[in-house]
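Residue numbering restarts at 1 for every chain, and letters A, B, ... go by the order of the sequence lines. Here the structure is a predicted model, which means the values were calculated and not measured.
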Number of protein chains: 2
Amino acid sequence: MTLPQPRRLPVQARARATFEAILEASARVLVERGYDAASTNRVAEVAGVSIGTLYQYFPNKEALFVALIERHFDEQVELLQRMVGSLIDAPLAEAVRAYVGALFEAHANDKAFHDAILQQVTHLGLPAITRVHMVSRQIVQVYLEAHRERLRITDTALAAFVLVSAVEGIVHTLMFAPERPELDALSDEVSLMVLRYLVGGDDAG
Amino acid sequence: MTLPQPRRLPVQARARATFEAILEASARVLVERGYDAASTNRVAEVAGVSIGTLYQYFPNKEALFVALIERHFDEQVELLQRMVGSLIDAPLAEAVRAYVGALFEAHANDKAFHDAILQQVTHLGLPAITRVHMVSRQIVQVYLEAHRERLRITDTALAAFVLVSAVEGIVHTLMFAPERPELDALSDEVSLMVLRYLVGGDDAG
DNA sequence: GTTGAATCTGAGTAAATGCTCGGTTTATAA
DNA sequence: TTATAAACCGAGCATTTACTCAGATTCAAC
């Protein structure tokens with residue numbers, strides 16, 4: 001898949017504001033309508049610009065939402081990297097709790113948006129989600145390698161895959177579950193599972 | 001949300017075949033096109049019936065796919081119940097391995113279909129996925145309760161939530177990951193994590 | 001102030017889609 | 001055989017949508 005490029009980049013301040021307004025509006029419309037029902041006319045209307053203006057910056061509908069999603073994931077990856085950087089020397093239990101807690105918070109913050117995006121990533125076949133996953137796995141793996149002698153896992157790459165996808169799966173499920181457990185208790189329990197998997201017994205917590 | 005009912009039920013054998021053909025075609029078209037691009041005209045064409053015939057059995061597009069998804073999840077729940085029924089007295093390690101293995105297989109069997117459905121469930125806001133999750137959690141919880149004294153978890157409902165969503169998350173991630181670990185190794189590792197969480201040390205495996 | 005580039009406008013077009021409805025064909029039963 | 005119901009057909013309508021383009025407006029530079 002070739003990623004469609006913005007048709008033209010804004011140079012004046014007015015144009016930059018327009019560009020931002022369009023991206024912001026596309027996020028709002030995506031959340032409230034879903035991808036296919038999110039018409040470009042509606043996005044332009046919400047952004048307060050004409051449909052013609054929208055098509056000056058984005059060659060087609062797909063390019064618009066691709067730009068939105070790519071940007072979102074770039075931010076996510078950056079966040080993750082900053083967090084793990086500050087945790088690399090922290091005790092395992094603390095690091096795990098911080099990681100799990102951060103993921104819970106990130107998704108809770110803008111549940112609808114994360115939701116809508118996650119849904120569309122599959123649909124558009126974007127490499128973005130894959131990128132986030134791979135980066136997450138690499139970051140976690142680096143951490144595991146650094147603490148290897150204290151852990152009872154053998155394959156750090158495999159463990160990283162299991163951990164990242166398990167925790168994200170839990171967070172994801174949480175979004176749709178009508179009878180959700182209490183958040184703090186769940187966060188603790190997930191941390192517990194991770195710690196038991198990594199180091200074992202009650203010395204984990 | 002009111003679940004739209006089939007407009008009319010087929011009574012003759014010919015009509016039953018038509019009904020089935022339409023549902024089958026809707027699955028195929030959903031997979032190849034996604035929900036919004038899956039036009040009813042296309043479904044009718046693939047099913048080899050006229051568009052008018054389709055609308056004799058389903059009042060609208062949504063009802064068609066709701067019927068498809070509801071049926072799929074009913075089958076899934078049934079499968080799960082049969083499996084756990086035969087595992088309730090099995091040793092923990094064996095039961096866990098069987099459960100994890102079954103989920104891996106079920107999704108691997110028709111990855112594209114599971115995918116497409118999972119995506120649409122959110123979009124349509126169906127109670128079906130919720131039903132599957134809740135039933136899964138209940139089934140797992142019953143199992144955990146039955147083996148409670150051998151486990152080191154306190155809240156079986158919470159543990160069931162964590163386990164079900166974690167394992168499903170891993171399976172789900174597996175679908176999109178381009179660099180996927182070897183399946184058997186992954187399945188073993190997931191089982192390992194579950195066992196360590198539930199019972200602890202190396203006596204787990 | 002003037003000029004040319006950057007930016008914005010929005011009515012309109014072509015195509016696609018959900019769904020209807022009047023009418024034909026096929027099955028059942030007396 | 002014939003009458004009634006069940007099942008099927010598909011041209012076409014109403015609506016929506018992505019996207020264009022010819023022209024209007026705003027900015028920057030001199």
Side-chain angles (χ1 to χ4, degrees), chain A residues 1-26 28-30 32-69 120 123-124, chain B residues 1-26 28-30 32-69 120 123-124:
Chain A
M1 207 186 77
T2 32
L3 288 179
Q5 291 300 317
R7 178 169 280 178
R8 126 193 250 153
L9 290 175
V11 309
Q12 300 178 2
R14 173 175 57 140
R16 249 170 294 147
T18 300
F19 189 87
E20 284 305 316
I22 293 171
L23 274 187
E24 244 175 72
S26 70
R28 284 180 50 189
V29 176
L30 179 67
E32 81 183 11
R33 301 265 246 256
Y35 180 78
D36 296 78
S39 77
T40 50
N41 286 295
R42 171 78 181 144
V43 170
E45 181 192 327
V46 168
V49 302
S50 100
I51 182 64
T53 298
L54 188 153
Y55 277 95
Q56 277 199 325
Y57 296 105
F58 303 95
N60 52 50
K61 177 178 172 175
E62 187 179 343
L64 171 61
F65 288 99
V66 164
L68 176 71
I69 294 176
Q120 276 331 114
H123 190 260
L124 295 175
Chain B
M1 207 186 74
T2 33
L3 289 179
Q5 290 301 316
R7 179 168 280 179
R8 124 194 251 153
L9 290 175
V11 310
Q12 300 179 1
R14 173 176 58 141
R16 250 170 294 146
T18 299
F19 189 87
E20 285 304 315
I22 292 172
L23 274 187
E24 244 175 74
S26 70
R28 283 181 49 191
V29 176
L30 178 67
E32 81 183 14
R33 300 266 246 257
Y35 180 78
D36 296 78
S39 77
T40 51
N41 287 295
R42 170 81 181 143
V43 169
E45 181 192 328
V46 168
V49 303
S50 101
I51 182 64
T53 298
L54 187 153
Y55 278 96
Q56 278 199 325
Y57 297 105
F58 303 94
N60 52 50
K61 177 178 173 175
E62 187 179 344
L64 171 62
F65 288 99
V66 165
L68 176 71
I69 294 176
Q120 277 330 116
H123 191 260
L124 295 174

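- For C:dC8, the OP1/OP2 oxygens have a side-chain nitrogen or oxygen of A:T18 closer than 4.0 Å.
- For A:N41 against D:dC19, a side-chain N or O and a base N or O form a donor-acceptor pair under 3.5 Å.
- We find that CD of A:E45 is positioned 15 Å from C1' of C:dT9, with the value rounded to whole Å.
- Regarding A:L64, its CG atom lies at a distance of 14 Å from the C1' atom of D:dT17, rounded to whole Å.
- DNA chain C is contacted by both B:Q12 and A:L54; A:L54 maps to the nucleotide lying nearer its 5′ end (nearest heavy atom per residue).
- To the nearest angstrom, P of D:dA6 lies 14 Å from CZ of B:R16.
- In the set D:dC9, D:dA7, D:dA18, D:dC9 carries the atom at the smallest distance from any side-chain atom of B:T53.
- Side-chain proximity of A:S50 to the nucleotides C:dT9, D:dA7, C:dT7 is greatest for C:dT9.
- Counting to the nearest Å, the C1' atom of C:dA16 and the CZ atom of B:R42 are 14 Å from each other.
- If you check C:dG18, C:dT7, D:dC8 against the side chain of B:Y55, the one that comes closest is C:dG18.
- Residues A:A25 and A:V46 come closest through the heavy atom pair CB-CG1, 3.7 Å.
- Two residues are said to be in side-chain contact when any heavy atoms from C-beta on lie closer than 4.5 Å; A:V29 and A:S26 fail this criterion.
- Across all strands shown, B:A17 has no heavy atoms under 4.0 Å from either base or sugar-phosphate atoms.
- Distance A:N60 CG to D:dT20 P: 9 Å, rounded to the nearest Å.
- Which of C:dA27, C:dT7, D:dA18 sits closest to the side chain of B:R14 comes down to C:dA27.
- Residue contacts for A:S39: at a heavy-atom cut-off of 4.0 Å it reaches the sugar-phosphate backbone alone, with no base atom in range.
- Residue A:R28 qualifies as open at atom CZ: its count of foreign heavy atoms under 6.0 Å is 12 or below.
- The side chain of A:I51 has C:dG10 as its nearest neighbour among C:dA6, C:dT28, C:dG10.
- B:F58 and B:F19 have parallel rings, their planes meeting at less than 30° on a 0 to 90° scale where 60° marks the start of perpendicular.
- In this structure, NZ on A:K61 lies 10.5 Å from CG on A:N41, to the nearest 0.5 angstrom.
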